[in-house]
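These notes concern the structure reproduced below.
Note that the structure is a prediction, hence the values are computed from the model and not measured.
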There are 2 protein chains.
Amino acid sequence: MDTPDRLIESTRELLWERGYVGMSPKAIQQRAGAGQGSMYHHFSGKPDLAFAAITRTATELRAAAEAQLSGPGTATERIATYLRRERDVLRGCPIGRLTQDPDVMADPALRRPVEETFAWLQDQLKGVLAEGRRRGELDAALDPASTASTIVAVLQGGYVLARAANSTAPFTQVVDGVLGLLAAHAASPGSSSPTQGAHGLCS
Amino acid sequence: MDTPDRLIESTRELLWERGYVGMSPKAIQQRAGAGQGSMYHHFSGKPDLAFAAITRTATELRAAAEAQLSGPGTATERIATYLRRERDVLRGCPIGRLTQDPDVMADPALRRPVEETFAWLQDQLKGVLAEGRRRGELDAALDPASTASTIVAVLQGGYVLARAANSTAPFTQVVDGVLGLLAAHAASPGSSSPTQGAHGLCS
DNA sequence: GTCTATATACAGATAGAC
DNA sequence: GTCTATCTGTATATAGAC
């Protein structure tokens, strides 16, 4: 790995652990084993490095989600694969945490990949759910868009609860819960769906 | 409001906006209209002030939740009142955001009120759900504990999605979604509940 | 109680030698 | 490309006068 790469990886880790505000250039350099001059030769400064780090993390996250969501199996199975893949639950979501970082949200360039990643993820899930519905795997009354949002919200909230409790248990619990809900919306063979309202997993 | 109070309020705001890591003593003083010496006379330093601020915020949050959850109405109605109360959605959750703050989570004294608030909230919701079930308002198969966790996760995830999108719409959407789910678990009059698994809102 | 002075370290770079 | 100054400002206090 060359120096720019090590600097980006170092920045990614620190961004995940401490956020943009809690990360100093010095810490980036030390973790990367690079000098001051080296860092400023390859990058214009902290925002530039953060941009490279965030976009790389976002790209990886998309690639992973895409792999799991486009694998074999029913819609529900693929979503289960995605939600249950191995995660560093107690470290939190490397993209979701940036949402709380005032300096990231204040900078349009840094903010954009965060916003786009969430939009993309919701859209992917929506696509999988819509496909499941078309194939007759899922209840025709289920709304793909709001269900997708709810799944992402449960995921992000699961991280928060896990960190608050310093335990992965709440994360596992809510993920199991949302998957159970999805299972409850499997189309009953031979019966066109009943159910009420127009909301998310319930609609 | 006396000087210590103004300092605590100032700290609460900064903690909410910028987090512990992003908040300096100088900023606290300026916002409170207090001098350096004054701040260090009343508080031993940044951690001491943060502790006062966090516990105050936690206390207020509990009082508000308790008021809404113990009001009149069915279990579902009270939870709807709680979830739909006015919130500064785009500012995020003042307690939940601390979960991402490395220096808060590393300090047991600062961490405890965060952990306890989430535990308390889940327990309150669990109580309301259990009561609703006892009264026959909710499906007997619904699990109060995991449903409570899911509700809190959706709430916290809703904040994340809202901040990512810079819009309150995703928050409203997921809150409506989870309330719709709860409505779908209203005990059907005269029919003992069907449904599958043992998970959260679905169980 | 509040103010001003002082202090050490770090943040976040820039400049120029090698 | 990398290293070593150098620089301005802030972080986070402590000390002592008033």
**Prompt:** Hey, does A/Gly37 reach any base, or is it just sugar-phosphate, or nothing, if we go heavy atoms under 4.0 Å?
**Reply:** base

**Asked** What integer distance in Å separates A/Ile28:CD1 from C/dA13:P?
**Response** 10 Å

**Request:** Before accepting this row, confirm whether a basic side-chain N of the pair B/Arg135/B/Glu131 lies closer than 4.0 Å to the acidic partner's carboxylate O.
**Result:** yes

Taking only distance into account, with no hydrogens and no angle test, what donor-acceptor pairs under 3.5 Å do side-chain atoms of residues 39-52 of chain B form with protein atoms, sequence neighbours excluded?
residue: B/Lys46; atom: NZ; partner: B/Tyr20; partner atom: O; Å: 2.9
residue: B/Lys46; atom: NZ; partner: B/Met23; partner atom: O; Å: 2.8
residue: B/Asp48; atom: OD2; partner: B/Ser44; partner atom: N; Å: 3.0

**Nearest-angstrom distance from the residue atom CD of A/Gln30 to P of D/dT2** = 17 Å

**Request:** Give the rounded distance in Å between these two atoms: OH of B/Tyr20 and C1' of D/dT12.
**Result:** 10 Å

**Message:** Between A/Ser38 and D/dG1, is there a contact of a side-chain N or O with OP1 or OP2 at under 4.0 Å?
**Reply:** no

**Contact under 4.0 Å: A/Thr3 side-chain N or O vs D/dT2 OP1/OP2** = yes

**Asked** Rounding to a whole Å, what distance do you find between B/Lys26:NZ and D/dG9:P?
**Response** 10 Å

**Prompt:** What nucleic acid atoms does A/Met39 come within less than 4.0 Å of, heavy atoms only: base, sugar-phosphate, or nothing?
**Reply:** nothing

**Prompt:** Could you give the CZ-to-C1' distance, from A/Phe43 to C/dA11, as a whole number of Å?
**Reply:** 19 Å

**Asked** Is the closest basic N to carboxylate O distance between A/Arg62 and A/Glu66 below 4.0 Å?
**Response** no

**Distance in angstrom units between B/Lys46 NZ and C/dC10 C1', rounded** = 13 Å

**Asked** Would you say B/Leu155 and B/Arg87 make side-chain contact, with heavy atoms under 4.5 Å?
**Response** yes

**Request:** Quick one: which residue pairs count as a ring-ring contact (aromatic ring centres under 6.0 Å, His included) with a foot in residues 160-179 of chain A, not counting sequence neighbours?
**Result:** A/Tyr159-A/Phe171

**Asked** When you measure from the side chain of B/Tyr40, which nucleotide among D/dT12, C/dG12, C/dG1 comes out closest?
**Response** D/dT12

**Message:** Taking 4.0 Å as the cut-off, does a side-chain nitrogen or oxygen of B/His42 come that near to OP1 or OP2 on C/dT2?
**Reply:** yes

**Prompt:** Which listed nucleotide (C/dG1, C/dG12, C/dT4) is nearest to the side chain of B/Gln36?
**Reply:** C/dT4

**Asked** In whole angstrom, what separates B/His41's NE2 from D/dA13's C1'?
**Response** 16 Å

**Fill in**
To the nearest angstrom, the CG-P distance between B/Asp103 and D/dT12 comes to 9 Å

